[in-house]
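As a basis for the values below, the full set of heavy atoms in this structure was taken, side chains included, without hydrogen atoms, waters or symmetry mates. Owing to the predicted nature of the structure, the values given are computational and were not obtained by experimental measurement. Lettering follows sequence order; numbering is per chain, from 1.
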Amino acid sequence: MKEKYVFSEIEPKWQQAWAGQNLYKVYDNVEKPKYYCLEMFPYPSGNLHMGHVRNYSIGDVVARFKTMQGYNVLHPMGWDSFGLPAENAAIKHGVPPEKWTWENIDNMRAQLKQLGISYDWDREVASCHPDYYRWTQWLFLRFYKQGLAYKKRAAVNWCPSCVTVLANEQVIDGACERCDTAVVKKDLEQWFLSITKYAQHLLDNIKKLDGWPDKVKIMQENWIGRSEGVEIDFGLKGFEEKLTVYTTRPDTIFGVSYMVLAPEHPLVLKLVEGTEYEAAAKDFIKKMLHLNEIARTSTETEKEGLFIGAYAINPVNGTEVPILIANYVLMEYGTGAVMGVPAHDQRDFEFAKKYNLPIKVVIQPEGQALDAETMTGAYEDEGNLVNSGQFDGLNNEEAIRKIGDYMEANNIGLKRVNFRLRDWLISRQRYWGAPIPIVYCDKCGEVAVPDEQLPVILPSNVEFKPFGQSPLAECPEFVNTTCPACGGPARRETDTMDTFICSSWYYIRFTSPQETTGPWSKASADYWMAVDQYIGGVEHAILHLLYSRFFTKVLYDLGLVSVDEPFTNLLTQGMVLKDGSKMSKSKGNVVSPEEIVAKYGADTARLFILFAAPPERDLEWSDQGVEGAYRFLNRVWRLVGHYADKVAGVQPYNGSVELGAAEKEVRRLTHYAIKKVSDDVATRFNFNTAISTIMELVNGLYAYKDKVDPAEQNLAVVKESLEYLMVLLAPFAPHMAEELWEATGHQGSIHLQKWPVHDPAAVIQDEVEIVVQLNGKVREKLVIAANMEPKAMEEFALGQEKVRALLEGKSVVKVISVPKKLVNIVVK
RNA sequence: GCCGAAGUGGCGGAAUUGGCAGACGCACCAGACUCAAAAUCUGGCGUGGUAGCCCCACGUGCCGGUUCGAGUCCGGCCUUCGGCACCA
């Protein structure tokens, strides 16, 4: 074995060997328990960044560990390869998106291979490949046929910089999540998926996601945003129509002193038509429509309203109240109209004060008298109803139910559940995505492309410049087609699908990526799904993870899969930071994985990144920390090198000989490490403490090597320890472990070794150190037999000379004795 | 504003069930090896007092509580980060 650790020879050697042996190829095998370990597949930007290295290093430890534990492990990788950057690069550099994307994929694949991750590369998929998006289109058509994909005209989010619409989930603080440009509203006809039909189901099932972080579950719950309330019909003075509002507080119905409509509300123009208010109202609406989302709806924005000269009639008492339009009412939520109850809603209160609208108290808190004249804010808490006719005196919680019942019975209102979640806008006016497989025929209207005509191929001879419509619209060869129904001339839909559609089902495709008769083989999907461990960034908490859950539920209802949740366990890893902030080109704090791998090797890069912090937490990059990881691996190399020849013919210790203290300590460290690493990896994902335990083992072995006379050293014990050391290290530093395994005369890959089980007897200590406390303060340390009873410990401690001296002149109140830990003497 | 997470040495972090706070690593200091340096090995390393390896006090964001005993549990704050943000 070489004296020096030359990672640059070892790593390529084993990467080639593993590929040559198909070491990581996996088959459906019902004989073995399956384990599906998946990391979120990347967008092929061209280069791996440290976040990827972290993500895939974590996944690789899990996959290798589970393999060694005897599971049949599916660990695939692919490319989320549709999307805007490819198109932007095409525009900027004149390279076709397809070429750009495939070159990036080639580059990143090579980088991933350099990291030595245990992927079954035969399962690689790319969502931009026709063999893949054919099935994306096929799945879209299943949704379409179920009435879950539909086209409608709506005020949608438009990013002027990306020149396309965006889903609600892609708008962050009123700006485009990709480019940060302020989003504007546009009235367009767009394709949607009916995720709201699954809102309740998606919400209910969150309870079943025991293996998910609470943080993510809460974020999804909030995003779905369920609320229970009543839709109430108000009359309109001088009009036949009803004005419907949605409220969660029907108990305050007698306190309504005005109504507010969203400026876009369809009734507004009707109410003002031909009145003196018409011009002002139209001006106001125009102004609102020109404001962007943030300016319009931020809590910081001052509430602004306008009386439109009309009156609504309260159905419970016939009171007439003025109708206004205001910026703070959203057309997209509820009915686009709200009742104003200033005494019991803070927003209404502020609005009423500003516009001098009456305030009417209808809920009185226990033992307190609210006065509309002197209130400085709304009272939103519990109380009893007043000024509410027949409902006076009821507790308001009870009144919410009773008034709701009353309204339903009298046909003036309907109890209703509302969700904050909106339907998923999936069409994009851009080129590099999966075409929506629909054609428009003058005779037959909207027609689905038949399955056998899929895929609808994305043409390559297209001018990519975005101009507000899909570039596909400018490609007559694409647009002009024949109607599948009547054979007459027809036009293709030119919008493409949101890339989140592609990533909503890739994890099922991985179970049978070469399947040609369907999106997957049902048998394979049944065998592998659900994903046992999913790993990725928390930034996908809502978008990708909610969409994937939605997809899985629909596919389950269609009988295409047998699980209704895709990911059993979820690990959300933290960001990789440098100098306290996220690595970015603009900050100039980027550390390139390629450079680190070139300088220290993949094993060092992986080890550092796993050691520096637990996976959920953000990780501060440290060049010196990398040096430390490298130093450790060299230390392991030299240790094994030192003993390699000495233990060559020796049988590992098998328990037949009684050992001395030093040898017992080596065995204790060894078996403790097995126990600790197994536990840390299997149940806690605390790779940092797992690695530190391996370091302690190595330190212990060095102590033995250097402090025990070489002639006295028990090589059987050393051999046992070294073998386990290599095995424990295998998931973290796979190349080095494999090289050492071979160099110490083993046949077969270390990665196919059985994960060891610790010997409990070796871990038990005969003697332990305990502390003696006086009123909780440590006063003495004693070494005692580990199995000493509490009573004996107490007597032993009290018998110590030093303890007796400390007790001089004090009286013992009580003694607490905890085996193997401490004796606490309480004195006065 | 609401929801959530986190605050521990010079730094990253550990302490899994309430039981010696600071494992492991980095940085730093000292020593060994060396002509010297690098590498390596050994030892030290929370703060303050005192000081010959003894001992004492203080110490896990702040204030209070429960307990023989609190980084850990409870109540109230502060700060940072993440999510949502006029959702009626």
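- Going from atom CD of A/Glu539 over to atom P of B/C84 covers 12 Å, rounded to whole Å.
- Under the 6.0 Å cut-off for aromatic ring centres, A/Phe608 and A/Trp621 qualify, their centroids lying closer than that.
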List every contact pair, protein side and nucleotides 14-18 of chain B side both N or O, where the distance is under 3.5 Å.
| from | atom 1 | to | atom 2 | distance (Å) |
| --- | --- | --- | --- | --- |
| B/A14 | OP1 | A/Asn688 | ND2 | 3.0 |
| B/A14 | OP2 | A/Arg617 | NH2 | 2.8 |
| B/A15 | OP1 | A/Arg684 | NH1 | 3.3 |
| B/A15 | OP1 | A/Arg684 | NH2 | 3.0 |
| B/U16 | O4 | A/Lys676 | NZ | 2.0 |

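- Using bins of under 30°, 30° to 60° and over 60° for the plane-to-plane angle, the ring pair A/Tyr5/A/Trp637 lands in the tilted bin.
- Counting only Watson-Crick or G-U wobble pairs whose defining distances are both under 3.5 Å, the stems of 3 or more consecutive pairs in RNA chain B are B:1-7 with B:78-84, B:10-12 with B:24-26, B:28-32 with B:40-44, B:46-49 with B:55-58, B:61-65 with B:73-77.
- Nucleic acid contact for A/Ile218: sugar-phosphate only, since backbone atoms but no base atoms lie under 4.0 Å from a heavy atom of the residue.
- The base of B/C20 lies close enough to the side chain of A/Lys781 for a donor and an acceptor atom to sit less than 3.5 Å apart.
- Of the candidate nucleotides B/G19, B/C84, B/C41, B/G19 has the atom nearest to the side chain of A/Asn824.
- Look at CD on A/Gln773: it is 13 Å from P on B/C68, rounded to the nearest Å.
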For nucleotides 26-30 of chain B, list the nitrogen or oxygen atoms of the protein found under 3.5 Å from its nitrogen or oxygen atoms, one pair per line.
| from | atom 1 | to | atom 2 | distance (Å) |
| --- | --- | --- | --- | --- |
| B/C26 | OP1 | A/Arg631 | NE | 3.1 |
| B/C26 | OP1 | A/Arg631 | NH2 | 2.7 |
| B/A27 | OP2 | A/Arg631 | NH2 | 3.2 |

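- In this view, A/His344 satisfies the ring-ring contact (aromatic ring centres under 6.0 Å, His included) rule with no residue, not counting sequence neighbours.
- Note: A/Tyr355 and A/Phe351 have tilted aromatic rings, judged against thresholds of 30 and 60 degrees for the angle between ring planes.
- For the pair A/Arg422 CZ and B/C84 P, the interatomic distance rounds to 14 Å; values are reported in whole Å.
- A/Tyr379 meets the ring-ring contact (aromatic ring centres under 6.0 Å, His included) test with no other residue; sequence neighbours excluded.
- At the heavy-atom level, A/Val826 lies under 4.0 Å from the strands shown only through sugar-phosphate atoms.
- Between the CZ atom of A/Arg779 and the P atom of B/C54 there is a distance of 15 Å, rounded to whole Å.
- Residue A/Lys777 is in sugar-phosphate contact alone, with no base atom involved, counting any heavy-atom pair closer than 4.0 Å across all strands shown.
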Could you go through residues 821-828 of chain A and list every donor-acceptor pair under 3.5 Å that involves a side-chain atom there, pairing it with any protein atom two or more places apart or in another chain?
| from | atom 1 | to | atom 2 | distance (Å) |
| --- | --- | --- | --- | --- |
| A/Asn824 | OD1 | A/Gly776 | N | 3.0 |

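- Under the side-chain contact (heavy atoms from CB on, under 4.5 Å) rule, A/Val341 has a single partner from A/Val361, A/Ile359, A/Asp348, A/Ile363, which is A/Asp348.
- Of the candidates B/G12, B/G4, B/C41, B/G4 carries the atom nearest the A/Lys215 side chain, counting heavy atoms from C-beta on.
- Looking at which nucleotide of RNA chain B each of A/Asp618 and A/Met695 is closest to, the 5′-most match is held by A/Asp618.
- Whole-Å rounding puts the A/Leu330 CG to B/C87 C1' distance at 7 Å.
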